[in-house]
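Notes follow once the structure below has been shown.
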Amino acid sequence: MLLKTQLQHWVSEIVHLIYEKSIEPQSISVEYTNPDHPGDFTVILFPFLKLKIGNPQEIGNTIGNYLIEKKEIFESFEIIKGFLNLTLKTNYWLNFLQNLSPDTIQAQEKQTIMIEYSSPNTNKPLHLGHLRNIFLGDSVSRIYDFLGHQVIKACLVNDRGIHICKSMLAWKLYGNGETPQSTKIKGDHFVGKYYVEFEKHFQKEYQEWQQSSNAEAIFLQAATKNPNLEKQAFFKEYKDQYFNLYSELGKQARELLQKWEQNDPETIQLWKMMNQWVYEGFEQTYKRLHIHFDKFYYESQTYLLGKEWVLKGLEKGVFYQKPDGSIWINLTSEGLDHKVVLRSDGTSVYVTQDIGTAYLKAHEYNMHRSVYVIGNEQDYHMKVLISICKKLGIPHADGMYHLSYGMVELPTGKMKSREGTVVDADDLVQEMYDIAKDTSEELGKTEGLPADELHNLYETLGLGALKYFLLKIEPTKKILFDPKESINFTGNTAPFIQYTYARIQSLLSKADSMNIQWKNFADITSLHSTEKALCVQLSKWENTVFLSAEQYNPSIIANYALELAQFYGTFYQNHKILADDNPKKDFQLFLSYQVARTLKTALNLLGIGVINRM
RNA sequence: GCGUCCGUAGCUCAAUUGGAUAGAGCAUUUGACUUCGGAUCAAACGGUUGAGGGUUCGAAUCCUUCCGGACGCACCA
C-alpha cells in the first residue's frame, strides 16, 4: 500500500480510538509536503473541524504524538496553520530506495484492452496531426502493456470512399502510367501527389464553370433570397454542391466509386495497386517511428457488416425507417439528436461502417476495453457511435472509450491536405534527425563513435525530441506548431532528459572502473535536501504511472520525467560524488542509479529511447 | 441558434484533481568549468489565473452570468 493511503488509515484509526468518531480514510486529506516547509507528508487538519473534537492545533498534536510513539517510521512533526507536517526517518528513505523497482509495476486486475490509433486514409501521406495521434496511441499502449495488461494495437485503414477515387481518377487522367518505382517517389507521397493534382484540375474546372450562364443563373436565384450576397463568397460555399451536381470530374469520380462498389475488375485492380503503393510508404514511416500494429482493420471489409447490424437493429426496434427508406435512430433521450444510419438508397454512411468495425473487434477479441484515439472534432460522432453500439447490444460496448485529443495547428491555422498546408511527417522526422546531427557535431562530444552508432544517436535524439514535444501537452489541448521555430533540444525536452540519463551512465561506469561497490551502500544518518527531493520524487513514480493509465494521459509521465531530471541536475551540481573524501559516495551512486532506471522507464513509456553517450 | 472543449508570465506549458507564498522551459539580463559530461547549474526580470458574482476554513480548479477562441450540429468520411 502507498504510504499516503496507509497514513489515511492510521489517522482514521487514531480519530476513532481517541475521539471515538468515525471518519472514512479516503476523506482524509494527505498531501506531499510543500517543499517550502519541513516534512514529507502533510495531514490537512481543517476537515476535522466538522467533527467538533477540538481546534486544529490540538488535534494535530494528538495525531502527531501518537504517530511518533506507535509508528517507527516517523521522526518528528510540526503544525503550521492547520497543516500537520510529518517528517520520516532517514532510514525509511534508505529502505525505500533499496527496494525500489521502477521498471516492474503491475496492475492488480489484468485486462485485455484494444487501442485503435493512426487510422490513416489511403489517399495521402501522414502529417504532423497523424503523428500526435500515433504517438498518443503508442504511448498509451506501452503504459498498459507495462502494467501487465494484454494490449492489442489496432489500426483502422480508411481505404474506401470518394477521396480515394479522386486520387485514382487523377492518376488515370494525368498519370501517363508512371509509378513510385519509375519516379522514385515514396508510395504514399506519390498517391498524395495525385490527390492534390485532382484538386488542382477540379478548381480550374470550377473557376471556368463560374463564367458560364448556368452558374450565373444559379447565383442570381440565390441572390433573390439574399440581396447582399457576394458572388465570390457564394461560390466558395457552393463548391461541394457543384462537385455533386455539375462537375465533370466529380461525375467521373462518382462513377469510379460506383464501379468500385460493383466490384468492377479493372477498378478494383487499380484500387489495389494504388493502395499497395500507399501501404508500402506507410510501412517505411511506421518502421522509422518504431510503431508496430498487432491488427489491421479495413473499412472496405467492415462497411457491409455494419449494414447487417443496422437491419438487425431495425427488426429489434432500435432503429426506425422513414418513408423514403432511410433508416434512423432517435438518440434524444441521451441528449443527442436523430441520426441517419443507412441512406435511402441503401448505402452505408460513416457510422454504419464504424458499427461494423466495432462488432468485428468485439467478435474477434474478448476484450474489456476498446479505446479509440481520434481527434476532438469527432467528439459528437463518437458519442453517437458508442450509444448506438450499446443499444444494439454489441459485446463490450460498455468498454468503449474515446481518447479525444486537440488538433495540431500552424500559425496560419488548421492543416489541410487538399490545400497542401500540412507539415509532412517524413519531412519533419528527417529535419529532426538533421538538427540532432548538427547539434551533436557542434558540441563535438561524440568523436570516435562508429557510424552506425552515430546514426542511431541522431535518430533517438531527433525522434525523442519530436515525440516529447507532442506528448508533454495534455491530450485535450490543441498544439501550436511553428515550422519557423524548430523544436527545441534544450530545456523542457526529451534531449534534456536523455542527457541526464547519459550523464548518470557515464558517472556509474566511471565509478565501476574505480572499483566502487555502490550497490550495497552503507547507512547514512541524514539526507541533503537535494537527495531528499529525489527520494520523494522517486516515491511518486508508481502512482504517476497508474494515474496516466487511468486518464489515458502520457503527459503526466512526461512532466514527471522532466521534474526528476531537473531535481537530479540540482543534486548533481551540489555534490562531487566521486571525490575521495565524500563519505556518501556509495549512497549517492545508488541514488543516481535508481534515478536513471526510472528515467529510462519513463521515456520508454513515451516511446522514447535512451543513450549512453551523446 | 444549440452542443462540446478551451482561456494561467511576452511565448509554450505545469500546478499532487479543492490546500500553504500559482511553478518550469523559451526569450531578456547576470554569474558558474585546472576535479564526476556546460544539450548543464545558480540568480534577476516577468501574474488581479479572460471579467464579475456565488459555494467554504481555503478556489486557477466546483456552480452561475458575461467576454473571447476552437470544434461539431450532412443521406461527406
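Source: prediction; values computed, not measured. Keep in mind that the numbers below use all heavy atoms, side chains included, and drop hydrogens, waters and symmetry copies.
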Does a donor on one side chain sit under 3.5 Å from an acceptor on the other, for [X] and [Y]?
X	Y	answer
A:E116	A:S119	yes
A:Y568	A:Q573	no
A:S326	A:S344	no
A:H338	A:Y320	yes

Under 4.0 Å between any heavy atoms, over every strand shown, what does [X] touch: base, sugar-phosphate, or nothing? Just pick one.
X	answer
A:P56	nothing
A:A502	base
A:I44	base
A:Y350	base
A:S344	base
A:F496	sugar-phosphate

Does NZ or CZ of A:K585 fall inside the cone over A:W518's six-membered ring, less than 6.0 Å from its centre and within 45° of the axis?
->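 No, cation not above the ring by the 6.0 Å, 45° rule.
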Counting heavy atoms from C-beta on, name the nucleotide in [options] closest to the side chain of [X].
X	options	result
A:E474	B:U40, B:C75, B:A15	B:A15
A:K477	B:C41, B:A74, B:A14	B:A14
A:Y572	B:G25, B:C36, B:U17	B:C36
A:L547	B:U17, B:C75, B:A74	B:U17
A:R503	B:A20, B:A24, B:G38	B:G38
A:E299	B:A77, B:A14, B:U4	B:A77
A:N488	B:G38, B:C26, B:U12	B:C26
A:N34	B:A20, B:A14, B:C75	B:A20
A:I473	B:A77, B:C41, B:A14	B:A14
A:Q353	B:G19, B:A77, B:A74	B:A77

Who pairs with A:E441 by salt bridge (charged side-chain N to carboxylate O under 4.0 Å, His left out), at least two apart in sequence or on another chain?
->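 Per chain and number, A:E441 pairs via salt bridge (charged side-chain N to carboxylate O under 4.0 Å, His left out) with A:K437.
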Run the salt-bridge test on [X] and [Y] with the 4.0 Å N-O cut-off and return the result as yes or no.
X	Y	value
A:K576	A:D581	no
A:E453	A:R613	no
A:E531	A:K584	yes

Starting at the 5' end of RNA chain B and moving along, which residue's nearest nucleotide shows up first, A:K81 or A:D345?
->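 Between the two, 5'-proximity favours A:K81.
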When the nearest nucleotide of RNA chain B is assigned to A:H575 and to A:L461 on a heavy-atom basis, which residue is associated with the more 5' position?
->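 Counting from the 5' end, the first nearest nucleotide belongs to A:H575.
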On a whole-Å scale, what distance lies between the [atom1] atoms belonging to [N] and [M]?
N	M	atom1	answer
B:U64	B:G25	C1'	36 Å
B:C13	B:C6	C1'	14 Å
B:U61	B:A9	P	15 Å
B:C26	B:A43	P	14 Å
B:C41	B:C36	C1'	15 Å
B:A14	B:U56	C1'	26 Å
B:U30	B:A15	P	33 Å
B:G3	B:C45	P	46 Å

For A:Y499 and B:G37, is the gap between ring centres under 5.5 Å while the planes differ by less than 30°?
->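 No.
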Check the phosphate of [N] against [X], side-chain N and O only, distance under 4.0 Å to OP1 or OP2. Yes or no?
X	N	value
A:R343	B:A77	yes
A:K339	B:C75	no
A:T570	B:A42	yes
A:S326	B:C75	no

What I want to check is whether an N or O donor and acceptor connect the side chain of [X] with the base of [N] at under 3.5 Å.
X	N	result
A:K576	B:U35	yes
A:Q551	B:U17	yes
A:T476	B:C5	no
A:N85	B:A20	yes
A:T42	B:A20	yes

Say you draw a straight line from CG of A:N553 to CG of A:L136; how long is it, rounded to the nearest 0.5 Å?
->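 Separation between the atoms: 8.5 Å.
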Report the stems of RNA chain B as range-with-range entries sorted by first number; a stem here is at least three consecutive pairs, Watson-Crick or G-U wobble, both distances under 3.5 Å, and write none if there are none.
->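 Ordered by first number, the stems with RNA chain B (at least 3 consecutive pairs each) read B:1-5 with B:69-73, B:10-13 with B:23-26, B:28-32 with B:40-44, B:50-54 with B:62-66.
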Taking syn as any angle within 90 degrees of 0 and anti as the rest, which one fits B:U17?
->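 Syn, since the glycosidic angle lies within 90° of 0.
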Rounded to the Å, how far apart are A:F489 CZ and B:C26 P?
->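 From A:F489 CZ to B:C26 P: 15 Å.
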